[in-house]
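Structure first, commentary second.
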There are 2 protein chains.
Amino acid sequence: MSSNTWLDQLRENGYRLTESRRAVVEVVATTERALTPVEVFDAARSRYPALGLVTVYRTLEKLEQLGLVQRVHQENGCNAYLTHARGHQHLIICKTCGRAEYFSGDDISSLIQRVSQQHGFTVKDHWLQLSGLCPDCQKLRDEGDD
Amino acid sequence: MSSNTWLDQLRENGYRLTESRRAVVEVVATTERALTPVEVFDAARSRYPALGLVTVYRTLEKLEQLGLVQRVHQENGCNAYLTHARGHQHLIICKTCGRAEYFSGDDISSLIQRVSQQHGFTVKDHWLQLSGLCPDCQKLRDEGDD
DNA sequence: CTCCATGCAAAATATTTGCAATTCA
DNA sequence: TGAATTGCAAATATTTTGCATGGAG
């Protein structure tokens, strides 16, 4: 969907548009869950078989610098990448299928203010992530295991 | 400080108290910032030079299972371990020196409820972490760099 | 004395770097 | 054409495993 926007962003920042980059961008931009470099590699090779894993790493690095993807930290590790939300948003991730969605409008400013005062810290950033079951996985669970 | 409690916990769970484990426990239990396995290794070797890095990994694994330490996820990675707070608490970490403190009393239940309804997710866990400058590092910054 | 635990070495992973060949602009 | 980019291979970095020895209980 937003693949073209991403490609524009790359071009505008002086990067060349190669088949490798197109393949990586298409995979990450159209997947709604966080993917590890190897997962991106596997998925993108079906579109461009000559792709190398190294290029996936390098492309993800650039996309992260441009703010198009972000690293997602989970219990299993923190090496998965996901489309970055526009503006200040937070993540909710499904524990079963990994599906991720963003939400905004966090009203935790009062909490931050309280903690700042109590601990004497100057708070610069905050990071909030929810996890649970997405609608589909709830349904599967309710209907019993298949 | 709580080193002894930790050692008790280990013993009560059927683990033997060895010099290696004492050294690792003492380092992690008395450090107020998150440490990587290698950092623990280096610090603990000054107390017990025969220590091996592998044992650090294995000990941290057990401490994590017992809920005595927790992994801390930061921008640089998620392989640092910190004393686990009792009960449900959240972290605030200093961006400069890495010092970490826990805070509790998060009143984000209304937020969680709202997001649950809007996205249809059943929220099971949440993870909130603040970062900024601790009092000491603010002071240093205010007084100019030394 | 009996196992659990250790440390070494080596294996298995994960990520980064050097470099000649390729390809976009 | 010229410089950016690629993919391979190899170098690092990180974590795990196999196994003989050592030490706690």
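No experiment lies behind these values; they were computed from the predicted model shown. Lettering follows sequence order; numbering is per chain, from 1.
- Following rounding to the nearest Å, A/Glu61 (CD) and D/dT6 (P) show an atom-to-atom distance of 12 Å.
- Taking atom OH of residue B/Tyr81 and atom C1' of nucleotide D/dT14, one finds them 11 Å apart after rounding to whole Å.
- Judged by closest nucleotide on DNA chain C, B/Arg16 is the one of B/Arg16 and B/Arg58 placed further toward the 5' end.
- By the 30° and 60° cut-offs, the orientation of the rings of A/His88 relative to A/His126 is tilted.
- Residue pairs meeting the ring pair (Phe, Tyr, Trp, His ring centres under 6.0 Å) criterion with at least one member in residues 4-43 of chain A: none, sequence neighbours excluded.
- When each of A/Thr59 and B/Val54 is assigned the nucleotide of DNA chain D bearing its nearest heavy atom, the one mapping closer to the 5' terminus is A/Thr59.
- Overall bending of the helix from C/dC1-D/dG25 to C/dA25-D/dT1, expressed as the angle between end axes built from five pairs apiece, is 40° (10° steps).
- Nearest-nucleotide mapping onto DNA chain C: of A/Tyr48 and B/Leu51, the residue sitting toward the 5' end is B/Leu51.
- OP1 and OP2 of D/dA4 both lie 4.0 Å or more from every side-chain N or O belonging to A/Thr18.
- B/Leu60 places its CG atom 10 Å from the P atom of D/dT15, with the value rounded to the nearest Å.
- Between A/Ser20 and D/dG7 there is a side-chain polar atom (N or O) within less than 4.0 angstrom of OP1 or OP2.
- Taking 4.0 Å as the cut-off between side-chain N and carboxylate O, B/Arg58 and B/Glu61 do not count as a salt-bridged pair.
- At whole-Å resolution of the value, CZ in A/Phe41 and C1' in D/dC8 are 11 Å apart.
- When heavy atoms are screened at a 4.0 angstrom cut-off, B/Arg21 is found touching the sugar-phosphate backbone but no base atom.
- Side-chain proximity of A/Pro37 to D/dT5, C/dC4, C/dT15: nearest is C/dT15.
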- [ ] Using the side-chain contact (heavy atoms from CB on, under 4.5 Å) rule, take B/Val56 and B/Val38 through it: C-alpha gap first, then chi angles, then the decisive distance, then the call.
- [x] CA-CA 8 Å; B/Val56 174; B/Val38 173; over 6 Å; no
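- A straight line from OH of B/Tyr15 to C1' of C/dT6 spans 15 Å, rounded to a whole angstrom.
- In the set C/dA5, D/dT6, D/dT16, D/dT16 carries the atom at the smallest distance from any side-chain atom of B/Tyr57.
- Surrounding CD of B/Gln113 are at most 12 heavy atoms belonging to other residues, nucleotides or ligands under 6.0 Å away.
- Nucleotide D/dG25 holds its C1' atom 17 Å from the CG atom of B/Asn13, rounded to whole Å.
- Look at CD on B/Glu12: it is 16 Å from C1' on D/dG25, rounded to the nearest Å.
- One can place NZ of B/Lys62 at 12 Å from P of C/dC4, the figure rounded to the nearest angstrom.
- Neither OP1 nor OP2 of D/dT14 sits under 4.0 Å from any side-chain N or O of B/Asn79.
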Task: Trace of the side-chain contact (heavy atoms from CB on, under 4.5 Å) decision for A/Leu60 with A/Val28 - done: CA-CA 9 Å; A/Leu60 288 174; A/Val28 182; 4.1 Å; yes
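- Between A/His84 and A/Tyr102, the ring-plane angle classifies as parallel under the 30° and 60° cut-offs.
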